[in-house]
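Take a look at the structure set out below.
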Amino acid sequence: MDLILSAIDILMRWDVALALLAGSVGGVLIGAIPGVGPAVAIAILLPATFSMDPIVGLTVLLGIYGSSMYGGSIPAILINTPGTAVNALTTYDGYPMTARGEPRRALSLAYSSSFFGGIFSVICLILFAPVLAKIAPMFGSREIFMAALLGLILVVVAHRGQALIAGTLACFGIFLQTIGLEPVKYTQRYTFGQDFLGGGINLIVVVLGLFAISQAFVLLTDEDEKVRMTRLRGGMFQGLRELARHPRVAGVSATFGVLMGMIPGVGEFTAQFMSYTYAQKTSKRPQDFGNGSSEGLIAAETANNAVPAAAMVPLLALGIPGEALTAMMLSVFYVHNVVPGPGLFQNDMDFVVALYLALLVLNILVLAFLLFATKSLIQVVRIPNRFLGVCILTLSFVGVYSLRNSATDCVMAAAFGILGYILKRLSLPSVPIILGMVLGGIMEVKLRAAMARVKEPFDFIDRPVAFILFCIIIIVLAVHILRVLKDRKELKEAEWQTNSASTSFGSLMWRRRNSFLKDHGKKVRARHSKLLRRLTDLF
Amino acid sequence: MPSERERRFAGPRRGQLVFALAVVGAALLLLVLITEQTAWVKKTKLFAQPRFWPAVAIGGMVMLGGLHLYKLPWRRVSRYDLWEVKRWGQVLEFAGWFMGYVLLVPIIGYLPVTLVFVPLLSWRMGYRSPFMLWTSAAFAVVVVVVFKTFLSVKIPGALIYEYLPGPLRSFFILYL
């Protein structure tokens with residue numbers, strides 16, 4: 001109780017209240033505009049938050065992160081275009097509801113589910129915080145190295161069908177982080193004798209290029225879309241009542257959101273996928289899923305909103321961000337010399353709880369704002385795409401230039417913008433680059449520190465947490481390899497149009513040998529050679 | 001007709017081969033330069049060597065990028081790949097707009113350049129109506145006021161502000 005009171009004390013400031021309001025309203029607006037998204041907004045605002053107190057800056061960024069998904073459901077439901085990437089699943093059931101004349105029901109259900117997911121995860125994590133505070137000190141250098149490695153592997157294998165190129169891009173991120181003056185032996189690495197590379201490549205420059213400037217380029221080179229908006233009439237409160245009729249789906253989805261959010265590199269998509277599959281399998285009307293099912297909408301929206309609070313756990317407890325948005329937030333901590341990790345949980349627990357309470361208040365603010373302001377808010381969907389591109393390019397300048405007033409940074413950001421544009425055109429992920437940069441830096445420092453105390457290779461995993469993490473890494477890799485082999489087998493079966501015979505090389509050779517040795521095989525070959533002779537005789 | 005392997009590929013075909021070739025080429029180039037661009041310090045453990053992590057990263061890029069290239073279902077650069085590369089080139093124009101904006105701000109000032117840049121780029125994008133041009137000008141003013149005046153982000157005063165009379169000069173340098 002004392003902890004919560006001291007956390008409330010931290011939050012009782014006018015600038016925090018203003019940050020909460022700006023973050024919640026701004027996040028909803030950003031989420032509601034298709035083509036912007038929280039990553040772009042956070043990247044642009046990041047340097048502006050450096051001059052604020054850590055709690056104020058983080059509240060703004062958390063506000064945008066937490067509330068953008070609320071806003072993202074508006075275009076997903078009304079015009080079948082997800083406002084943020086994680087609202088893609090909302091279109092499956094939200095838009096069919098709109099098509100059959102129930103947009104108000106779909107929206108209010110989405111808001112209520114998001115609210116439930118957000119509140120559930122915050123309460124879970126506040127209750128769970130003392131346990132985390134006990135577990136966090138068990139993480140030394142080698143455990144943090146293992147956890148960072150696990151996060152990186154999970155990010156790579158999560159890109160199904162693109163794991164190789166995702167891995168390449170993660171390695172590229174690690175390489176970017178190594179450029180510059182190396183801090184232990186003071187040697188230059190890949191600076192090519194250029195002074196501007198001596199200080200290394202700034203994470204925010206890369207983030208702004210890959211997320212904000214590249215998105216501006218995408219919008220500027222695209223056509224404007226014509227939006228046909230549905231009119232909304234009546235109140236928005238019926239969703240709360242409807243949500244109460246599906247407590248099981250909402251509870252399980254929120255739990256999936258919390259669990260998946262806590263695992264670095266997994267995030268919203270996996271949580272949504274698992275919740276949606278669970279809801280469909282246990283539903284009395286599974287045929288409605290994808291055609292405007294209220295349970296489907298609840299599963300998708302509850303799961304994705306439960307993730308932001310949970311995603312802060314690896315960041316705060318271990319200093320390991322699980323995805324791009326928390327990776328950006330990490331730089332706010334570094335700027336203020338607040339080092340997230342076990343120490344933060346032990347010494348500044350009230351700060352951690354204050355952040356969670358801020359998220360709690362934020363969810364309430366967002367719900368209240370949306371219940372009353374949706375009708376006016378939906379107009380933002382009408383902003384033309386290319387004009388949005390102009391706006392993002394203008395705002396990106398503030399983000400990059402205000403860092404060090406360096407034109408070189410801007411050139412680098414523009415170059416990363418072009419790279420991000422190419423990646424978007426090719427449907428390749430840019431998140432592994434960011435996580436490679438952040439986690440690569442952590443891994444380098446922690447491995448060096450850990451190896452100083454390790455004499456034999458097995459000493460690295462002789463502590464329980466390190467051993468468990470090592471086992472998880474092996475399991476993840478084994479599961480991925482099995483999945484790749486299964487995909488390969490399915491591909492061969494589809495190519496050969498048979499699934500009765502094994503497609504492995506050994507079996508193929510075995511069948512070929514039998515065909516050569518058996519009488520039937522000899523007869524078939526004799527027939528074929530006879531036919532071939534007849535054919536060649538013709539010429 | 002696309003083969004089964006092509007159908008199952010995640011993402012569009014255009015440009016994939018060119019991109020994969022470029023990545024592997026760049027990674028190989030970096031690998032060749034590793035002895036020149038990183039140091040090997042004597043009497044230091046492998047994991048503490050300055051060359052260790054660049055080697056891990058570039059080695060990973062070469063290996064995984066090479067495997068990605070090998071696994072691609074296409075072996076020839078088609079005309080669609082070349083069209084895609086031309087499309088990538090189109091964004092250079094907007095990168096140029098951005099760099100022009102960056103280079104002019106320290107000389108002419110944040111507010112004046114933004115006030116010209118946003119409506120001009122809107123005009124270039126085909127928004128010719130007075131409503132859109134006024135909206136873009138209003139957006140420019142709002143951006144400058146919010147970021148420089150209220151949030152005090154670090155954008156230096158312009159060279160031409162030096163020619164303004166005393167109090168106006170410091171006001172412009174500090175807030176606009």
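Proteins come first, then strands; the chains are lettered A, B, ... in the order of their sequence lines, and each starts at number 1.
The two residues B:K154 and A:N405 come nearest to each other via the heavy atoms O-ND2, 2.7 Å. Closest heavy-atom contact between A:L426 and B:Q16: O-NE2, 3.1 Å. The two atoms that bring A:T191 and B:Q37 nearest to each other are N-OE1, 3.5 Å, heavy atoms only. The nearest pair of heavy atoms linking B:K45 to A:M451 is NZ-O, 3.7 Å. Of all heavy-atom pairs between A:S427 and B:P12, the closest is OG-CD, 3.5 Å. Residue B:F98 comes nearest to A:A414 through the heavy atom pair CD2-CB, 4.2 Å, listed as atom of the first residue, atom of the second, then distance.
Both the backbone and the side chain of A:L393 come within contact range of chain B, each with at least one heavy atom under 4.5 Å from a heavy atom of that chain. Using a 4.5 Å cut-off between heavy atoms, A:F192 touches chain B through backbone and side chain atoms alike. For chain B, the nearby parts of A:V411 are the backbone and the side chain; heavy atoms of each come within less than 4.5 Å. Contacts between A:M443 and chain B at a heavy-atom distance below 4.5 Å involve backbone atoms as well as side-chain atoms. Looking at B:E84, the atoms closer than 4.5 Å to chain A (heavy atoms on both sides) all sit in the side chain, from C-beta outward. For B:V23, the part lying near chain A is the side chain, with the backbone staying farther off; criterion is any non-hydrogen pair under 4.5 Å. In this structure, chain A has heavy atoms under 4.5 Å from both the backbone and the side chain of B:L33. In this structure, chain B has heavy atoms under 4.5 Å from both the backbone and the side chain of A:T168. With a 4.5 angstrom heavy-atom cutoff, A:I383 does not touch chain B via any of its atoms. Residue contact with chain B, scored on non-hydrogen atoms closer than 4.5 Å, involves the side chain of A:L423 exclusively. In this structure, the portion of A:Q162 lying under 4.5 Å from any heavy atom of chain B is its side chain and not its backbone. Both the backbone and the side chain of B:V118 have a heavy atom closer than 4.5 Å to some heavy atom of chain A. For A:T187, the part sitting under 4.5 Å from any heavy atom of chain B is the side chain, from C-beta outward, and nothing else.
Between the side chain of B:R87 and the backbone N or O of A:T221, at least one donor-acceptor pair lies under 3.5 Å. Although no hydrogens or angles enter the test, the distance criterion places a donor-acceptor pair under 3.5 Å between the side chain of A:R386 and the main chain of B:M125. For B:R5 (side chain) and A:K492 (main-chain N/O), no donor-acceptor pair under 3.5 Å exists by modelled atom type.
Interface check for chain A: of the options B:A26, B:G11, B:A10, the most heavy-atom pairs under 4.5 Å are formed by B:A10. Interface remark: of the candidates A:G161, A:C391, A:A407, A:C391 forms the most heavy-atom pairs closer than 4.5 Å to chain B. Of all the listed residues (A:L176, A:L395, A:I179), the one sharing the greatest number of non-hydrogen pairs under 4.5 Å with chain B is A:L395. Chain B forms more heavy-atom pairs under 4.5 Å with one residue of A:R404, A:E490, A:Q177, A:R160 than with any other, namely A:E490. The most heavy-atom pairs under 4.5 Å with chain B, out of A:G167, A:P384, A:G417, come from A:P384. With chain A as the partner, the residue from B:T135, B:L67, B:L30 showing the most heavy-atom pairs under 4.5 Å is B:L30. Ranked by heavy-atom pairs under 4.5 Å with chain A, the first of B:W97, B:F147, B:F9, B:W53 is B:W53.
With contacts defined as side-chain heavy-atom distances shorter than 4.5 Å, the pair B:F19/A:L419 qualifies. Residues A:Q188 and B:P50 are not in side-chain contact: their nearest non-hydrogen atoms beyond the backbone lie 4.5 Å or more apart. Using a 4.5 Å cut-off on side-chain heavy atoms (C-beta onward), B:F117 and A:T394 make contact. Taking 4.5 Å as the limit, every side-chain heavy atom of B:Q49 sits out of range of all side-chain heavy atoms of A:K185. Inter-residue side-chain proximity for B:L64 and A:C171 is flagged as met; some heavy-atom pair is nearer than 4.5 Å. Contact of the B:F52 side chain with the A:E444 side chain is not registered, since no non-hydrogen atoms from C-beta on lie closer than 4.5 Å. Residues B:R124 and A:V390 fail the side-chain proximity criterion, which asks for heavy atoms closer than 4.5 Å.
Evaluation of the ring pair (Phe, Tyr, Trp, His ring centres under 6.0 Å) test over residues 158-186 of chain A, restricted to residues two or more places apart or in two chains, returns A:F175-A:Y190. Sorted by first and then second residue, the ring pair (Phe, Tyr, Trp, His ring centres under 6.0 Å) pairs with a member in residues 387-414 of chain A read A:F397-A:Y401, A:F397-B:Y101, A:F397-B:Y110; sequence neighbours excluded.
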